[in-house]
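Note on naming: letters A, B, ... go to the chains in the order of the sequence lines (proteins, then strands), and numbering restarts at 1 for each one.
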Amino acid sequence: MNDLKACIVQRDRTVLLECAHPGFEAAREKLARFAELVKSPSAFHTYRITPLSLWNAAALGCTAEDIAADLESIARWGLPAGLLQEIRGLVSRYGKLMLEREADGEGDALCLTAADSRLLDEAIASPALSELMLDRISPVQARISAAARGRLKQELMRYGFPVLDLAGYHEGQALRLQWQNGGEGKPFALRSYQTEAVEAFEGVTGSGGSGVLVLPCGAGKTIIGIAALERQQCECLILTSNTTSVEQWIRELTEKTTLKPDQVGQYTGERKEVKPVTVATYQILTHRRSKEGEFEHMKLFNERNWGLIIYDEVHLLPAPVFRATAEIQATRRLGLTATLVREDGCEQDVFSLIGPKRYEMPWKELEAKGWIARVECSEIRVPMDAALREKHAYAEGKEKFRLAAENPGKTAIVADLLKRHPQGGVLVIGQYLDQLQALAAAIGAPLISGRTPQRQRTALFASFRKGDTPVLVVSKVANFAVDLPDASVAIEVSGSFGSRQEEAQRLGRILRPKAGDNRAYFYTLVTENSKEEEFAVKRQMFLVEQGYEYAVHSAREVRSGT
DNA sequence: TAAGAGGGAA
DNA sequence: ATTAGTCCCTCTTA
């Protein structure tokens, strides 16, 4: 078997990767660059090479020949006829259409240049482009108003031809800032990959200045954002997902740079300051009094002459914010995220309107370098007792799923796992309040849910951090709370329908480097012979794509301590 | 003017 | 394919 290769490459652009193969890891790393994982049963992982995954790879400088060489090096029975040609065709689409500022234009018109006239003919003839008023000036060129820049890119992406946008950016109002030296007289230093990421964002030629940086939780995305701002020296709007995160950005900006508190504003439900650097939530931008009402706060995009807009957690960016972003394509845009995967399928809009992927740091690489903890993931199959099994058998749909998820047999397993980790730092995370209440009572640990007042949360977090409270039971608050302390063990007792992001978020809770052997433990409890098994596979997919493996154990093994 | 409750939105 | 949670606005109370 050693002389065979780990993958079977199929004509429909799917790739089957054999998990037990010695070449598995090397092949996985190659595939991660230009394909996405779509299924991960135990023996074979299925990847798909999509147009978008190819274009993101192309934006990173990967050529069709690089991809062909990678595929040839992992394909057991060679490549199907026509596949390479198809891949070459798709990759070359990125760059066939180029958008630039009009060479001798006085105004702010842009020029779209096509590699050949037929492509431009056909694109212009498509109905979606008709209202954008393209003005043909030569067989391969058309003028277009700068205001239509975003929509043009969106429409051409839908048409199947992503535009290489070289039209540049306006500078924005200048703002002086510098890194502030660290506390003990040490100068603040970026990690090497953080510098690489910022440089990739800026780009070597005209193509930089907008795009997305993909880095795992705990890699210091805030720092990278601030570094981009420090390089640009301009006024900046920062959009993020919740108020705690707003506060965190503001804290880091004022502590780590020479920006004074009165230069940094918070624009949220509570306070509406517009300062040279302004941090806002996505929610305030999308807030409407009624379903048909206006977005009253979108004007924030134009309240100052921003030179840079940072989109934190770009995978959560809501649709109306895309629309507003289409209008401000002359402003530099930096997207930050742990995963480009969106559950709503708007990945194409991220590419068109924020920009292509400029940098990606695989989780495993950070782990190898010791920047994040080495996590051991286990899936534990918990059986139902006879009574539950019967109830489960007769239940339907969501009722059935919930019965399995709330399997009381999980309690004893949690108790056993706690015995294995007497040093504490354990988070028990689940989805249903009833289940969590019962569990918290049984193991004698405090529960934090959405109903827990903020003051009490803060007190419990502090006690957990100090080690006085070894175990915390947390509901979905764990998905959002930025201030939730770091832990070294997470036990997931239930989760929502196949959410890959939730799983990644939960794992992220234990990634911060640990003193000593730098290890952390992630357990997911799944009821045997139920729908939960299926959902677990789906949930785990993103992390499997990142190279995490879930060792499957039976409840019996856990109970007997093996 | 601050804090808290209640309702709607995505 | 839910639940639970967040955020924003408005109104009330003190």
Student: Is the closest side-chain donor-acceptor distance between A:Glu36 and A:Ser53 under 3.5 Å?
Tutor: no
Student: Does the side chain of A:Glu252 pick up a donor-acceptor pair with the side chain of A:Thr222 at under 3.5 Å?
Tutor: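 Distance-only check fails for A:Glu252 and A:Thr222.
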Student: Would you indicate which nucleotide in C:dC8, C:dG5, C:dT2 comes nearest to any side-chain atom of A:Lys398?
Tutor: C:dT2
Student: Which is the 5'-most and which the 3'-most nucleotide of DNA chain B that has an atom under 4.0 Å from a heavy atom of chain A?
Tutor: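 Here the contact window of chain A covers B:dA9 to B:dA10.
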Student: Reckon A:Lys531 touches a base, only the sugar-phosphate, or nothing at all at heavy-atom distances under 4.0 Å?
Tutor: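 No contact.
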Student: Give a yes or no answer on whether the side chain of A:Lys221 reaches the backbone of A:Leu215 with a donor-acceptor pair at less than 3.5 Å.
Tutor: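 Confirmed, A:Lys221 side chain pairs with A:Leu215 backbone.
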Student: Students often get this wrong, so: under 4.0 angstrom with heavy atoms, is A:Thr286 touching a base, only sugar-phosphate, or nothing?
Tutor: nothing
Student: Of the candidate nucleotides C:dT3, C:dA4, C:dC9, which contains the atom at the shortest distance from the side chain of A:His287?
Tutor: C:dC9
Student: Looking at A:Lys272, does any N or O in its side chain come under 4.0 Å of the phosphate oxygens OP1/OP2 on C:dC9?
Tutor: yes
Student: Name the nucleic acid region contacted by A:Phe535, choosing base, sugar-phosphate or nothing; use a 4.0 angstrom heavy-atom cut-off, strictly under.
Tutor: base
Student: With a 4.0 Å cut-off on N to O distance, would you call A:Arg500 and A:Glu545 a salt bridge?
Tutor: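 Salt bridge absent between A:Arg500 and A:Glu545.
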Student: The side chain of A:Tyr432 lies closest to which of these nucleotides: C:dC7, C:dC9, C:dT2?
Tutor: C:dT2
Student: Quick one: are the ring centres of A:Phe401 and A:Phe535 less than 6.0 Å apart?
Tutor: yes
Student: Can you identify which nucleotide, out of C:dT2, C:dA4, C:dC8, has its nearest atom closest to the A:Phe497 side chain?
Tutor: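 From the listed options, C:dT2 comes nearest.
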Student: Scan A:Arg451 against the nucleic acid and name what it touches under 4.0 Å (heavy atoms): base, sugar-phosphate only, or nothing.
Tutor: nothing
Student: Considering only C:dA1, C:dT6, C:dA4, which nucleotide approaches the side chain of A:Asn242 most closely?
Tutor: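 The answer is C:dT6.
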Student: To the side chain of A:Thr281, which of C:dG5, C:dC8, C:dT3 is closest?
Tutor: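 Minimum distance to the A:Thr281 side chain belongs to C:dC8.
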Student: Can you work out whether A:Arg457 or A:Phe401 has the more 5'-proximal nearest nucleotide on DNA chain C?
Tutor: A:Phe401
Student: For A:Asp349, run the side-chain hydrogen bond (donor to acceptor under 3.5 Å, both in side chains) check against A:Lys153, A:Arg342, A:Arg158 and tell me which one passes.
Tutor: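 Of the listed options, the one satisfying the test is A:Arg158.
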